[in-house]
Protein chains: 2
Amino acid sequence: MRTSTQAGGRPRESRVDHAIQTTVRELLAEVGYANLTMDLVAARAGIGKAAIYRRHSSKAEMVFSAVVHGMDLQPVADTGSLRTDLRDTVIDVLGRVAEPSVRAGTPTFLAELAVNKEMSARFQSTLVARETACVETVLDRAVARGEISHKPDPAVVHATILGTVTAWLHMLQRDDYADLPDQLADILTNGLTGS
Amino acid sequence: MRTSTQAGGRPRESRVDHAIQTTVRELLAEVGYANLTMDLVAARAGIGKAAIYRRHSSKAEMVFSAVVHGMDLQPVADTGSLRTDLRDTVIDVLGRVAEPSVRAGTPTFLAELAVNKEMSARFQSTLVARETACVETVLDRAVARGEISHKPDPAVVHATILGTVTAWLHMLQRDDYADLPDQLADILTNGLTGS
C-alpha cells in the first residue's frame with residue numbers, strides 16, 4: 001500500500017483508487033455497464049460513495065478511468081518484420097477490445113462519447129493517441145528497414161486495426177477471432193508494402 | 001399512393017409506413033436517437049400511436065426499419081478494376097454510415113444490438129449480409145479478371161471497410177473523411193493483390 005502526501009496534506013489513498021478500479025472492472029464483466037451503479041461499486045469495494053464521487057464526477061468517467069488505467073499501451077517488441085509487428089499489434093488491440101469488462105462497456109461507452117465532449121477529448125488524448133503512437137512506431141521501423149518506401153498516415157492504419165476488430169465483435173457480433181490477427185496483418189502488410 | 005389488400009382485407013396503408021419512415025429519419029437527424037419518442041413521431045407524422053405500435057414493437061425496431069428501408073444495397077457498378085470497385089464500395093458504406101440520421105442513431109443502436117438478440121439477428125441478416133454480398137461480388141470480379149489469385153474471406157474484407165469507416169466517425173470522431181475511400185482502397189487493393 002503506497003501513500004503519499006498531497007499539497008493539501010491528505011493522504012493520496014492509492015488503495016482506494018485501486019479498489020475502485022478493480023471493483024469496476026469486476027462488475028462490468030459480471031453485470032454489464034447498464035446495470036453498474038455507484039452504489040454497487042461502493043458496496044462491493046467497501047468504500048463510501050462520497051469517496052467515489054470525490055474522484056469521479058460520473059459513472060461514465062469512473063468506468064473510463066478504471067478500464068484505461070490497467071492497459072499496457074506500449075509498442076509491440078520489434079520482431080524484425082512489418083508483418084509480425086502488425087500481427088502482434090492487432091493481437092494487442094484485440095486483447096484490449098475483447099477483454100470482458102471492455103467488451104461489456106463498449107457499446108454504452110460509444111453512446112456516451114457521442115454526447116460527452118470532455119470524455120471524447122480524454123479518450124482521444126489517452127487511448128487513441130497512445131495506440132496510434134504504437135502503430136506509428138511499427139511503421140517507422142518498417143521504413144527504417146526499407147520494407148515500405150513512404151510512411152502512410154498512422155491514423156488511418158490505426159483506424160483500420162481498431163475499427164475492424166471493433167466491427168467484428170460489436171457489429172458482426174462474432175466470437176471467432178483467432179484468425180483475425182493473421183488475416184488483417186496479411187492484408188495490411190501487402191497493402192502498405194505493395195504500393 | 002399505393003394501396004393493396006392483405007389477406008385480412010385491410011388496406012396495406014403504405015402511405016402510413018412511408019410517413020413513419022420519413023418522419024423517423026427527419027427526427028433522428030434533428031433531435032438524435034435518445035430524444036426521439038413514439039409520441040414525437042406520431043405528432044409529427046399526424047398518425048395515431050396505435051398505428052405505429054401495430055407496425056413496430058419498440059422504438060429501436062422502428063428506427064432500424066426506417067433507416068435500413070431506404071438503403072440501396074446493390075454492388076457498385078463494375079469499373080473494370082478492383083481498386084476503383086473497392087473505392088466506390090467504401091464511398092457507398094461511408095455514405096450510409098455518415099448519413100445524418102444513421103450517424104445520430106449508431107451509438108445507441110450498437111448498445112441496443114448488444115442486448116437485443118432479435119434486433120442483432122435482423123441486422124446480421126439484412127444490412128450485414130447484403131453489404132458482405134456486395135463486397136463478395138467485387139472480389140469475384142477481381143478473381144475473374146485475374147487481379148487476385150484466390151478470394152479472401154468476404155466477411156473480413158467487409159469488416160475492414162465497415163469497421164474503419166465506423167471507427168473514423170464514432171471512435172476517433174473525425175469529420176475529415178474525404179480522403180478515406182482512396183486511402184482505404186489503396187491499402188486493401190495492394191493488400192489483396194500483393195499476396
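By convention in this document, chain letters (A, B, ...) are assigned in the order of the sequence lines, proteins followed by strands, and residues within each chain are numbered from 1.
The cluster map of Ile, Leu, Val, Met, Phe, Trp and Tyr, joined by side-chain heavy atoms under 4.5 Å apart, puts B:Met119 and B:Val115 in different clusters. Tracing side-chain contacts under 4.5 Å through hydrophobic residues (I, L, V, M, F, W, Y), one never reaches B:Ile91 starting from B:Leu169; they form parts of separate clusters. B:Leu73 and B:Val165 fall within a single hydrophobic cluster, where Ile, Leu, Val, Met, Phe, Trp and Tyr side chains are chained together by heavy-atom contacts under 4.5 Å.
For A:Asp153, the part lying under 4.5 angstrom from a heavy atom of chain B is the side chain only. At a 4.5 Å heavy-atom cutoff, the contact between A:Arg174 and chain B is made by side-chain atoms alone. Of the two parts of A:Ala104, neither the backbone nor the side chain holds a non-hydrogen atom closer than 4.5 Å to a non-hydrogen atom of chain B.
Counting heavy atoms from C-beta on, the side chains of A:His170 and B:Leu113 never come closer than 4.5 Å. A:Leu184 is not listed as a side-chain neighbour of B:Val156, based on a closest heavy-atom distance of 4.5 Å or more. With contacts defined as side-chain heavy-atom distances shorter than 4.5 Å, the pair A:Thr166/B:Thr166 does not qualify.
Rounding to the nearest 0.5 angstrom, the gap separating the CD atom in A:Gln124 from the CE atom in B:Met171 is 9.5 Å. Atoms OG1 and CD1, from B:Thr164 and A:Ile161 in turn, are 9.5 Å apart once rounded to the nearest 0.5 Å. Interatomic distance, A:Ile187 CD1 to B:Leu188 CG, rounded to the nearest 0.5 Å: 6.5 Å. The line from CG of B:Asn190 to CG of A:Asn190 is 8.5 Å long, rounded to the nearest 0.5 Å.
Under the ring pair (Phe, Tyr, Trp, His ring centres under 6.0 Å) criterion, A:Phe109 pairs with A:Phe64, A:Phe123, not counting sequence neighbours.
Considering every non-hydrogen atom in both B:Thr108 and A:Ala111, the closest pair reads N-CB, 4.4 Å. Shortest non-hydrogen contact noted between A:Trp168 and B:Ala159 is CE3-CB, 3.7 Å.
Ranked by heavy-atom pairs shorter than 4.5 Å toward chain A, the options B:Pro152, B:Ala167, B:Ala114, B:Gly163 are led by B:Gly163. Ranked by heavy-atom pairs shorter than 4.5 Å toward chain A, the options B:Glu112, B:Gln173, B:Gln183 are led by B:Gln173.
Heavy-atom contacts from other residues, nucleotides or ligands closer than 6.0 Å to CD of A:Glu118 number 12 or fewer.
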